[in-house]
Amino acid sequence: MGRRVVIESRLVVGRPAFRLDIGLDVAAGEVVALLGPNGAGKTTALRALAGLVPMTGGHIRLDGEAIHDLPAERRPIGMVFQDYLLFPHLSALDNVAFGPRCHGASRKEGRRIAREWLERVGLAEHASARPGELSGGQAQRVALARALAVRPRLLLLDEPLAALDAHTRLDVRARLRRHLDDFDGAAVLVTHDPLEAMVLADRLVVVEGGVVVQQGPPSAVARHPRTGYVARLVGLNLYRGVADGHVVRLEGITLNTADAHAGPVFVAFPPSAVALYRHRPDGTPRNLWEATIGGVERHGDSVRVLLTGPLDASADVTSAAVAELDLRPGGRVWAALKATETHAYPA
Amino acid sequence: MPWVLTVPAALALVFLLLPLAGLLVRAPWSTMGERLAEPRVLEALRLSLVTATLATAFCLLLGVPLAWVLARGDVPGRRLVRALVTVPLVLPPVVGGVALLLVLGRNGPVGRLLYEVSGFSLPFTTAAVVVAEAFVALPFLVISVEGALKTVDPRFEEAAATLGASRLRVFTRVTLPMVAPGVVAGAVLCWARALGEFGATITFAGNFPGRTQTMPLAVYLALETDPEAAIVLSLVLLAVSVGVLAGLRGRWAGAS
């Protein structure tokens, strides 16, 4: 990457029923998204970085300096909480001025800094509003201004857009992206929304069951998922198999793939690459099998058909096709898969 | 509504209000003005207001931190401490007065030490009135403030910490302002309880006009010598209590 690592850490939090153990390095100016299902430990990781949960092991070095023994108030961090936690008894301005005041600014200086930040997030005219008078999107921006006003080296965002309605989210996400671009420290974002992660982050770190299961640039993670969770997030069918050239042997079936490999591989294809037929189609598509319909559900503009049989897979077809093919749970269909859209990559 | 409930409910209301009405009916309204101006009355009223206010200040100073420890601190035996805090609440005030006398009296372990060091003997002084009132009223404040503290999401305090606020700053700038209504309500309750304190006061501080004779003591004494004066004093206390209730109306009556 060539950029200096700001955060170099191994976060270990042991609890009776759960153990988090992840390594996390973040470069200056980089935005890393911790992505994972509920209970995966991503928020715990964020709170460990902030100093809000004690670590049972590991270390956190920020710009080479160990900070894992410092209490939260002495770490050079800024944090945006999921529900913002703006102090209800303070105006937006004083909420943002709170951090600078804690860092020794005079009342006047604190307010000057706060006004500057409110201007930067476009809320200068709401300076005197109480948090209760702000909309969700405005509160989120105040929370961001408050976190940035202490000039943190590490910015932590816990599900920053989760509390917003869909319409506001687009606007706030775009603004947040701009502020993250301007931010020169390290930023770590927790989310369970893959789209949010892809739009906001330079790198995804997927956490499941307290460990990192996959990481990389969003596009690479989206193309080559390595766990069922990630595959479902990005909407791909995912299998493990053994490759011999363009042929991959899976459990119960072999598939022809676009890429040639040897040895253990993942195979992934989108549901749209599967075509369904009432009868065995003429010609011989190379990836063809007879499947049982496990379920049919609406999925955006198309209909997603869940297939069981030699290969558990989902296929997207049009509504018209559902009627035409008489697709109903328990029925039998022929499934054909385009080899050109079937990708294999080393496991 | 079933009469099994409405009739007792009406009776309860009558039971509560009838004595107060009697007080109003029997009051010597024609001579009220001059009676109120009697030095004895003014003295007792002044003493009551001063001691109740001092006791409340004392309770705030010690009670708010105690409430914080009970609500937030990870001290061992917290439940035991909480139970102990409420003991003065159920203890007959006279017993509290005896206990105070035993400990803080000149022959008590703490009282003797105090006397030897400073030559000051606490019982039967105005300071003793304040101590007796505070002893009885403190639990009201602690319980009220602890309840308020528990409704504050501790994550606000975490948010303040991530912004660089020290523990003390978090408490004074975030926690305390957020529980301010609870603290005010607790202080008013505490003050009202201190104002009405009788048993512990008369036991520990005695009944000396101008020094330790607060309104409730004056009422009790006047009842034996001058019943009309007792009514006047009672009405003054009633007026103050109603005033307090009115002040709390928005918080308590409205919430119930």
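Each chain gets a letter, A, B and so on, in the order its sequence line appears, and its residues count up from 1. Heavy atoms only: backbone and side chains are in, while hydrogens, waters and symmetry mates are out.
- Of the two parts of A:Arg47, only the side chain, counted from C-beta on, holds a non-hydrogen atom closer than 4.5 Å to a non-hydrogen atom of chain B.
- Within the 4.5 angstrom heavy-atom criterion, atoms from both the backbone and the side chain of B:Arg155 approach chain A.
- Across A:Pro71, A:Ala147, A:Pro88, the residue that shares the most heavy-atom pairs under 4.5 angstrom with chain B is A:Pro88.
- Figure legend: A:Arg146 and A:Phe87 shown as a cation-pi pair, the cationic atom lying under 6.0 angstrom from the six-membered ring centre and within 45 degrees of its axis.
- Between the side chains of B:Thr53 and B:Trp191, a donor-acceptor pair is found at a separation under 3.5 Å.
- No side-chain N or O of B:Glu133 forms a donor-acceptor pair with one of B:Thr201 less than 3.5 Å apart.
- Only the backbone of A:Leu86 comes within contact range of chain B, judged by heavy atoms closer than 4.5 Å.
- Heavy atoms closer than 4.5 Å to chain A are found in both the backbone and the side chain of B:Ala160.
- The closest side-chain donor-acceptor pair between A:Glu8 and A:His59 falls under 3.5 angstrom.
- Side chains of A:Thr168 and A:Asp165: a donor on one and an acceptor on the other come within 3.5 Å.
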